[in-house]
Amino acid sequence: MAAARPVFYVSDGTGITAETIGHSLLTQFSGIEFETRRIAFVDSVEKAEAAIAEIRRAGEQAGCRPVVVNTVVDPDLNILLAESGALMLDVFAPFISPLEQELGLRRESRVGHAHGMVDFKAYEARINATNYALTHDDGMDIHYDDADVILVGVSRSGKTPTCLYMALHYGVKAANYPLTEEDLEGRELPRRLRAHRRKLFGLTIDPERLQQIRNERRPNSRYATLETCRAEVVQAEALFRQENIPVLSTTHTSIEEIAGKVLAHQGIHRHMF
């Protein structure tokens with residue numbers, strides 16, 4: 001069996017941008033196994049040299065050339081990183097020259113410069129939205145007047161991570177409500193949700209995948225049996241159809257894609273912070 005191709009997300013900051021773009025690129029290539037690693041805060045020669053050593057070592061162990069998705073802004077550090085022998089994918093390179101020509105300005109290649117651009121209003125919105133998501137998780141608080149969206153679905157269908165992602169990245173106040181056995185047997189929308197119907201969005205999942213997830217949390221329980229998972233998913237999907245609630249399967253969908261589709265469908269147009 002061939003070794004996984006090593007891929008590094010290298011940045012002078014957190015590496016989130018490099019990882020997000022790199023992940024999107026890698027998903028375009030099926031049939032290849034990748035082993036991804038993030039190397040963040042590479043903002044000095046010493047850290048660049050340490051990164052080079054790690055990249056080279058991974059390439060030698062895998063027996064193939066590593067790939068580096070890079071958002072380091074210092075050109076000298078980029079030249080140094082290229083000595084790793086990896087395929088270097090500079091995220092900024094294709095855009096800098098056209099922007100310089102259009103704006104009539106030369107770039108300022110200052111390490112970490114972008115991280116000084118703090119929008120405190122946006123930061124506060126993210127904190128407030130995150131607190132909202134946590135207090136309105138799993139039906140703990142059912143007062144949804146301030147919610148931008150309410151995710152509904154059976155337990156472990158992906159509601160919580162999606163709510164937190166929307167809060168952290170978009171400042172969206174997202175609540176989630178777990179459909180209980182009692183709710184599903186009632187075969188109608190729970191009373192506490194009826195006044196907020198326009199905010200509802202359903203999440204579903206393949207029963208086999210749901211069983212795997214639940215079995216990790218509560219092994220050998222009735223909650224985790226395939227029979228229970230199938231019954232709950234069937235009932236939840238029937239409820240969504242009956243109440244005309246938009247629904248998305250999370251089985252093979254990333255959190256980023258789930259969030260994007262939910263926001264687009266609900267008409268919530270917020271830029272990523």
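Hydrogens, waters and symmetry mates play no part in the numbers below; they use all other heavy atoms, side chains included.
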Exercise: identify the closest heavy-atom pair between Tyr165 and Ala259: CD2-CB, 3.6 Å
Minimum heavy-atom distance Leu77-Ala48, with the two atoms named: CD2-CB, 4.1 Å
Qualifying side-chain hydrogen bond (donor to acceptor under 3.5 Å, both in side chains) pairs with a residue from residues 186-197, counting only residues at least two apart or across chains: Glu188-Arg194, Arg197-Glu243
Residue pairs, two or more places apart or on separate chains, that pass side-chain hydrogen bond (donor to acceptor under 3.5 Å, both in side chains) and touch residues 59-72: Ser11-Thr71, Asn70-Asn78
Aromatic ring pairing Phe201/His265, orientation class (parallel under 30°, perpendicular over 60°, tilted between): perpendicular
Cluster check Leu193, Leu151: I/L/V/M/F/W/Y, side chain < 4.5 angstrom: no
Ile79 reachable from Ile55 in the ILVMFWY side-chain graph, under 4.5 Å edges: no
Expected output: side-chain His136 to main-chain Ala174 donor-acceptor under 3.5 Å: no
Backbone of Ala175 reached by a side-chain donor or acceptor of Asp137 within 3.5 Å: no
The criterion is side-chain hydrogen bond (donor to acceptor under 3.5 Å, both in side chains); which residues satisfy it with [X], sequence neighbours excluded?
X	value
Gln235	none
Glu256	Ser254
Lys199	none

For Leu164, the rest of its hydrophobic cluster, which grows through side-chain links under 4.5 angstrom: Leu134
Validation row: Val172, Val262 side chains within 4.5 angstrom (heavy atoms): no
